[in-house]
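The next block holds one structure in the form of structure tokens; read it before the comments.
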Amino acid sequence: MSTVTTVERLGRHVGETVTLKGWVYNLSSKGKLHFVQLRDGTGIVQCVVFKNDVAPELFEALGKLGQESSLELEGAVKAEPRAPGGFELSVKSGKIHQSVDGYPITPKEHGADFLLNQRHLWLRSKRPWATMRIRDAVITAVRRFYDERGFVCVDAPIFTPNACEGTSTLFEVEYFEQTAYLTQSGQLYAEAAAMALGKVYTFGPTFRAEKSKTRRHLTEFWMLEPEMAFATLDDVMNLAEDMLCAIVQHVLATRKNELQVLERDLSKLEAIQKPFPRITYDEAAKILAEHPESTFKYGDDFGAPDETILSTRYDRPVMVSRYPEAVKAFYMKRDAANPGKVLCVDVLAPEGIGEIIGGSQREDDLDAMLARIREHKLPEEFFQWYLDLRRYGSVPHGGFGMGLERTVAWICGLEHVREASPFPRMMYRITP
RNA sequence: UCCCCGAUAGCUCAAUGGUAGAGCAUCCGGCUGUUAACCGGAGGGUUGUAGGUUCGAGCCCUACUCGGGGAGCCA
């Protein structure tokens with residue numbers, strides 16, 4: 001048998017005879033000539049089978065293959081401008097693993113409900129294929145970014161005894177004789193780890209039981225949470241900015257083809273360069289007050305339409321800092337220079353996808369933290385270990401959380417975050 | 001929890017209150033350069049469920065079920 005290779009590497013084998021292993025993406029026959037679009041996971045290539053070039057039984061069998069039939073084809077690689085992708089395989093022999101008919105997902109249009117029910121098969125289609133490869137590149141870029149900067153990956157637990165922030169609706173699970181919850185954030189644990197290791201990040205699944213049915217929400221999503229000891233809000237904002245630039249650059253460098261499959265406007269991504277616009281809550285409030293469509297009231301958090309108004313003003317992510325403490329979490333440090341405000345930042349992605357990052361400098365004073373826990377009426381006994389971080393060597397520190405699926409949805413230009421997850425979990429959907 | 005929209009062939013959709021159709025998929029036949037190929041033929045239906053109005057309901061009314069995207073809430 002000849003060299004086994006992949007569609008991705010075909011360009012290195014022009015003129016050679018190779019074997020490809022994959023599935024039929026589409027087949028069309030011209031009688032004595034079959035065109036097999038072969039999908040192998042790394043890409044799709046056109047394979048041409050002339051009747052006179054192969055055994056008669058093989059030619060006949062190939063002509064009957066339905067979509068997603070599995071097979072191996074052997075033939076000569078040639079550069080061919082008429083073929084999608086620029087290369088094609090002139091088939092000399094082959095082996096059929098399984099001949100399929102009736103594959104449910106045809107090359108025509110389908111609705112969201114149908115495709116989500118077929119997600120296990122839908123992943124084989126071009127758009128999910130491209131999206132998953134970009135998602136992978138985002139994850140790689142993130143890990144490389146933190147590794148290069150000396151951050152240590154420390155994973156937070158998924159079972160937690162109580163709500164981290166005390167606000168969200170959590171999923172309850174039976175945990176032997178007691179009730180536990182699925183984590184809604186690894187941040188408090190990241191803070192503990194940062195006091196041990198300096199610079200850390202957690203990266204894992206996060207769960208929210210909120211009954212949110214929008215294109216920005218999943219009940220299970222991946223969140224990246226870096227945390228740094230000896231850091232201020234400015235350090236946190238600089239880190240977020242550098243990281244987003246690094247992610248976008250890595251995707252542009254390694255997944256251009258996939259972005260083109262998704263028909264993404266590359267110039268929108270090429271524009272993602274430092275510096276990002278930075279405005280305060282007060283400045284954002286002023287912008288909204290002058291906007292005819294906004295119903296924003298000063299003192300409130302921004303609603304989704306407000307975020308869209310703000311983010312579409314810029315060609316790169318906008319960083320909004322220093323919100324009123326009443327609308328933010330208990331652990332954020334008050335801003336000494338702005339009474340009533342906290343040292344926090346939200347990063348809003350352009351093109352209407354909304355908030356992709358939320359971060360802050362953390363309250364590091366024991367008494368202030370105790371007071372905030374009481375104001376928010378949180379169960380003090382659950383926070384004793386967290387308060388220990390303020391008792392023993394407290395330092396200024398901070399970090400942020402980035403929603404992976406929202407970030408991928410923004411980079412890919414997706415309509416809905418569910419497409420950024422291989423098997424999305426939503427309010428009314430838990431299968432497949 | 002609230003608001004709006006939807007449900008007809010495997011899929012995407014059509015059908016003025018009057019005989020349920022098309023394209024794709026499937027099966028059969030044709031074609032040596034197709035790009036979601038094309039051409040000819042065939043099979044495929046309890047119109048989401050339950051009631052109501054009507055001579056007659058896919059279509060009008062009510063309830064329910066399932067789903068969609070938006071609000072709130074959140075990332």
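As the structure is a prediction and not an experimental result, all values here were calculated from the model. In what follows, chains are A, B, ... by sequence order, proteins preceding strands, each numbered from 1. Only heavy atoms go into these numbers, but all of them, side chains included; no hydrogens, no water, no symmetry mates.
- Contact between the side-chain N/O atoms of A:Arg418 and the OP1/OP2 oxygens of B:G69 is found at a separation under 4.0 Å.
- With B:G70, B:C74, B:G72 as the choices, the nucleotide that has an atom nearest any side-chain atom of A:Arg215 turns out to be B:G70.
- A residue-by-residue look at A:Lys51 and A:His110 shows that A:His110 has its nearest nucleotide of RNA chain B further toward the 5' end.
- Separation of the P atoms belonging to B:G69 and B:G58 is 30 Å when rounded to the nearest angstrom.
- Across the protein-nucleic acid pair, A:Glu263 atom CD and B:A36 atom P stand 12 Å apart, rounded to whole Å.
- Within 4.0 Å of A:Lys211, counting heavy atoms only, lies at least one base atom of the nucleic acid.
- Using a 4.0 Å heavy-atom cutoff across all strands shown, A:Pro84 reaches at least one base atom of the nucleic acid.
- The phosphate of B:C73 has neither OP1 nor OP2 within less than 4.0 Å of any side-chain N or O from A:His217.
- Separating the CD atom of A:Gln118 from the C1' atom of B:G10 is a distance of 10 Å, rounded to the nearest angstrom.
- The base-pairing partner of B:A22, taking Watson-Crick or G-U wobble contacts with both distances under 3.5 Å, is B:U12.
- Near RNA chain B, meaning a heavy atom under 4.0 Å away, the residues from residues 303-316 of chain A are A:Ala304, A:Pro305.
- Counting all heavy atoms, side chain and backbone alike, A:Thr202 lies closest to A:Ala190 at CG2-CB, 3.8 Å.
- As judged by a 4.0 angstrom heavy-atom cut-off over every strand, A:Ile356 is placed among residues making no nucleic acid contact.
- The shortest non-hydrogen separation linking A:Glu225 to A:Gly186 is OE1-N, 2.7 Å.
- Across the strands present, B:A63 finds its partner in B:U49; the criterion is a Watson-Crick or G-U wobble pair with both atom distances under 3.5 angstrom.
- Counting only distance, with no hydrogens or angles, the side chain of A:Thr183 and the backbone of A:Thr160 share no donor-acceptor pair below 3.5 Å.
- Here, B:U19 and B:C24 have their P atoms 26 Å apart, quoted to the whole Å.
- At least one side-chain heavy atom of A:Arg149 sits under 4.5 Å from a side-chain heavy atom of A:Asp242.
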Are any protein N/O atoms closer than 3.5 Å to N/O atoms in nucleotides 24-29 of chain B? If there are, list each pair with its distance.
{"from": "B:C27", "atom 1": "OP1", "to": "A:Asp101", "atom 2": "OD2", "distance (Å)": "3.2"}

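- Across all strands shown, A:Gly31 has heavy atoms under 4.0 Å from base atoms, whether or not it also approaches the sugar-phosphate.
- Between A:Glu80 and A:Pro104, the one whose closest nucleotide on RNA chain B sits nearer the 5' end is A:Pro104.
- Comparing B:U16 with B:C74, their C1' atoms are spaced 48 Å from each other, to the whole Å.
- To the nearest whole angstrom, the two P atoms, one in B:C27 and one in B:C59, are 35 Å apart.
- Side chain of A:Trp129 to backbone of A:Gly41: a donor-acceptor contact under 3.5 angstrom is found.
- Taking the six-membered ring where the residue is Trp, A:Phe330 and A:Phe383 present perpendicular rings, their angle passing 60° and hence far from 30°.
- Among the heavy atoms of the strands, none lies under 4.0 Å from A:Glu405.
- Which of B:C11, B:G67, B:U32 sits closest to the side chain of A:Lys30 comes down to B:U32.
- Across all strands shown, B:G40 pairs with B:C28; the Watson-Crick or G-U wobble distances both stay below 3.5 Å.
- Within the nucleic acid shown, A:Asp301 has no heavy atom closer than 4.0 Å to any nucleic acid atom.
- A:Tyr386 and A:Glu191 get closest at one heavy-atom pair: OH-OE2, 2.6 Å.
- Donor-acceptor pairing under 3.5 Å is recorded for the side chains of A:Glu74 and A:Ser2.
- Separating the P atom of B:C55 from that of B:G68 is a span of 41 Å, rounded to the nearest Å.
- Partner assigned to B:A71 is B:U1, using Watson-Crick or G-U wobble distances below 3.5 angstrom.
- Taking atom C1' on both nucleotides, B:G17 is separated from B:C73 by 45 Å, rounded to a whole Å.
- Looking at heavy-atom distances under 4.0 Å, A:Phe114 makes contact with sugar-phosphate atoms alone, never a base.
- With C1' as the reference atom, B:G56 and B:G48 are 23 Å apart, rounded to whole Å.
- The CD atom of A:Glu60 sits 13 Å away from the P atom of B:C31 (whole-angstrom rounding).
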### Query
Please walk me through it: do A:Cys245 and A:Phe276 pass side chain to side chain contact (heavy atoms under 4.5 Å, CB included)?
CA-CA 10 Å; A:Cys245 289; A:Phe276 292 175; 3.8 Å; yes

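- Atom CD1 in A:Ile430 sits roughly 12 Å away from atom P in B:G67 (whole-Å rounding).
- At least one side-chain heavy atom of A:Leu404 sits under 4.5 Å from a side-chain heavy atom of A:Phe203.
- Within the structure, a side-chain polar atom (N or O) of A:Arg429 is placed less than 4.0 Å from OP1 or OP2 of B:G68.
- Side-chain N/O atoms of A:Arg216 include one lying less than 4.0 angstrom from OP1 or OP2 on B:A71.
- For A:Glu88 against B:G33, a side-chain-to-base donor-acceptor contact under 3.5 Å is present.
- Using a 4.5 Å heavy-atom threshold, the side chains of A:Leu89 and A:Leu20 count as touching.
- Using a cutoff of 4.0 Å between basic side-chain nitrogens and carboxylate oxygens, A:Asp346 and A:Lys328 are scored as salt-bridged.
- Whole-Å rounding puts the A:Tyr25 OH to B:U34 C1' distance at 16 Å.
- Atom CZ in A:Phe302 sits roughly 14 Å away from atom P in B:C74 (whole-Å rounding).
- Judged by distance alone, with hydrogens and angles left aside, the side-chain atoms of A:Asn238 form a donor-acceptor pair with the main-chain N or O of A:Asp234 at under 3.5 Å.
- Heavy atoms of A:Thr206 sit nowhere under 4.0 angstrom from any nucleic acid atom.
- Residue contacts shown for A:Gly354 are absent, as no nucleic acid heavy atom lies under 4.0 Å away.
- Atom CD1 in A:Ile44 sits roughly 12 Å away from atom C1' in B:A36 (whole-Å rounding).
- Atom-to-atom, CG of A:Leu170 to P of B:C73 comes out at 17 Å; the value is rounded to the nearest Å.
- Listed nucleotides B:G68, B:G72, B:G33 differ in distance to A:Arg82; the shortest reach to its side chain belongs to B:G33.
- Within 4.0 Å of A:Tyr428, counting heavy atoms only, lie sugar-phosphate atoms of the nucleic acid but no base atom.
- Listed nucleotides B:U32, B:G33, B:A71 differ in distance to A:Thr214; the shortest reach to its side chain belongs to B:A71.
- For the C1' atom pair drawn from B:U47 and B:G21, the interatomic distance equals 12 Å after rounding to whole Å.
- Taking all atoms of both residues into account, the shortest heavy-atom contact from A:Val320 to A:Tyr323 is O-CE1, 3.4 Å.
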